[in-house]
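Some notes on the structure that comes next.
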Amino acid sequence: MSTSEPSADGSLPEDTEAVRRALVAWYEADHRAYPWRETTDPYAIWVSEVMSQQTQLDRVVRAFEGFVERWPDVEALAAADRSEVVGFWSSHSLGYNNRARYLHEAAGQVVEEFDGSFPETPAELQELQGVGPYTANAVASFAFNNGDAVVDTNVKRVLYRAFSVPDDDTAFEEAAEALMPDGESRVWNNAVMELGGVACEKTPACDTAECPWREWCDAYATGDFSAPDVPTQSAFEGSRRQFRGRVVRVLGEYDSLPLSELGPRIRVDYTPDGEHGREWLSDLLSDLADDGLVALDTDGETTARLRQ
DNA sequence: TTCCGGCGAT
DNA sequence: ATCGCCGGAA
């Protein structure tokens, strides 16, 4: 341990144990009940985490229940047609369709490379398609109580406000790890994310949510509830993303469609030789084909369908 | 406009 | 290493 490096946990309260106890007690006294909090099945937890990467939790519940009912375990998902999984994703408005492909792909990995049982460490979990540092830690924590401290944007906001941890990924990771009680990743990561979700949202609710960290919180003391910067995204309306999504949703409703019939269903101003015509549509479709979501049949007039 | 983590391009 | 893309409801 070098003494010249600035230590990220230097700003954490001295009585770490009291901080920990307060949060865990607060979480255990009351928290939102979600179906994935009622299970330690790694398959169910993994599915819920991938869905939650992009969709607000209250909207995930219905999709989650439908998904695990239709594909109850990793073998069932691995055996499914990809088009069915992508179609489900699209019809439940779950966003980024690539994630449906990742799920299907990773289910195959678990069956083929891990003998059908999920790996239990964050490092191994990250070998699965679509599973990065965040999801690996979440699954390892909630399924196996075997994770490191989870750092997502909620956690960053909490650490930034409460303990003035600088807006820096390494600093966040070190502070999160220093706070987490050894061997208690399941309850701890649940509790921290609950705090970020109900008490320390963009608009804080310190008193109404009875935040357990008020006595240590820098933001509560100063009234400065600013949060780490999040990059803004370009408009969705009229974007390429919107038309990609539309293609997948339409193809989910048909077996296959010739481009001449697909085009007008994607945009009303579709004219084969116009600015948004055959060429524009082909570009979009070849990207979707590269992503493994769409199959193109170029025997005669080109037709498109969801990839099996 | 805001929300989100993983991936692929650079 | 860093950054833009990806969906679509709220």
Side-chain angles (χ1 to χ4, degrees), chain A residues 34 36 45-64 67 85-106 109 122-123 125-142 147-158 167-173 176 189 192-193 196-198 200-204 225-252 266-267 283-294 306:
Chain A
Y34 290 116
W36 48 88
I45 288 168
W46 167 62
V47 169
S48 76
E49 286 300 332
V50 174
M51 289 181 173
S52 307
Q53 286 173 11
Q54 57 196 25
T55 305
Q56 280 141 357
L57 294 187
D58 292 323
R59 287 195 292 126
V60 167
V61 173
R62 289 181 65 104
F64 170 81
F67 193 99
V85 184
V86 173
F88 180 99
W89 206 260
S90 192
S91 66
H92 287 73
S93 299
L94 285 167
Y96 195 15
N97 295 302
N98 265 343
R99 296 202 201 283
R101 172 172 67 88
Y102 297 157
L103 275 178
H104 184 242
E105 196 91 20
Q109 283 180 276
L125 283 160
Q126 281 196 65
E127 294 175 23
L128 301 178
Q129 185 72 243
V131 176
Y134 167 78
T135 308
N137 266 315
V139 174
S141 297
F142 304 142
D148 299 320
V150 159
V151 179
D152 68 357
T153 57
N154 284 297
V155 176
K156 289 180 184 177
R157 187 173 59 250
V158 170
D167 185 359
D168 172 271
D169 283 350
T170 305
F172 285 129
E173 274 169 38
N189 285 322
V192 176
M193 299 212 293
V198 310
C200 202
E201 294 175 280
K202 180 166 191 158
T203 303
F225 287 96
S226 56
D229 288 330
V230 282
T232 58
Q233 184 177 17
S234 55
F236 180 66
E237 189 62 32
S239 69
R240 179 182 182 79
R241 303 198 311 284
Q242 183 180 39
F243 292 115
R244 269 180 62 112
R246 208 170 277 181
V247 167
V248 172
R249 183 166 46 73
V250 169
L251 291 181
I266 299 309
R267 54 189 310 161
D283 279 355
L284 206 58
L285 286 168
S286 67
D287 271 12
L288 285 163
D290 288 345
D291 285 342
L293 293 165
V294 164
L306 289 187

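Backbone-only contact: A:Val230 has heavy atoms under 4.0 Å from sugar-phosphate atoms and none from a base. Counting non-hydrogen atoms under 4.0 angstrom, A:Thr232 reaches the backbone sugars and phosphates but no base.
Between the base of B:dC4 and the side chain of A:Gln233 there is a donor-acceptor pair shorter than 3.5 Å. Residue-to-nucleotide contacts include no donor-acceptor pair under 3.5 Å from the side chain of A:Gln56 to the base of B:dC4.
Screening A:Val155, A:Asp148, A:Val151 for a side-chain contact (heavy atoms from CB on, under 4.5 Å) involving A:Glu173 leaves a single residue, A:Val151.
Spacing between atom CG of A:Asp167 and atom P of C:dT2 amounts to 13 Å, rounded to whole angstrom units. Taking atom CG of residue A:Asp58 and atom P of nucleotide C:dA10, one finds them 10 Å apart after rounding to whole Å. Atom CG in A:Leu293 sits roughly 14 Å away from atom C1' in C:dC5 (whole-Å rounding). A straight line from CD of A:Glu237 to C1' of C:dA10 spans 15 Å, rounded to a whole angstrom. The distance from atom CZ of A:Arg157 to atom P of B:dT2 is 14 Å, rounded to the nearest whole Å. Computed from coordinates, the A:Asp229 CG to B:dC3 C1' distance equals 15 Å when rounded to whole Å. Between the CG atom of A:Asp287 and the P atom of C:dG4 there is a distance of 18 Å, rounded to whole Å. Between the P atom of C:dG7 and the CZ atom of A:Arg59 lies a distance of 15 Å, rounded to the nearest Å.
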Under 4.0 Å protein heavy-atom contacts per nucleotide of nucleotides 5-10 of chain B, with B for base, S for backbone only and - for none = BSS---
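Proximity of A:Arg240 to the phosphate of C:dC5: no side-chain N or O atom is located under 4.0 Å from OP1 or OP2.
Nearest-nucleotide positions on DNA chain C for A:Gln242 and A:Pro231 put A:Pro231 closer to the 5' end. When each of A:Ser52 and A:Phe236 is assigned the nucleotide of DNA chain B with its nearest heavy atom, A:Phe236 is the one assigned upstream, toward the 5' end.
Residues that satisfy the side chain to side chain donor-acceptor pair (under 3.5 Å) test with A:Thr135, not counting sequence neighbours, are A:Gln53. Applying the ring pair (Phe, Tyr, Trp, His ring centres under 6.0 Å) criterion to A:Trp89, with sequence neighbours excluded, gives no partner residue.
A donor-acceptor pair under 3.5 Å is absent between the side-chain atoms of A:Arg99 and the main chain of A:Val50, judged by distance alone.
For A:Trp36 and A:Phe142, the ring centers are positioned 6.0 Å apart or more.
Within a 6.0 Å sphere centred on CG of A:Asp290, heavy atoms belonging to other residues, nucleotides or ligands number more than 12.
Note that CZ of A:Arg249 and CD1 of A:Ile266 are 8.0 Å apart. Values are rounded to the nearest 0.5 Å.
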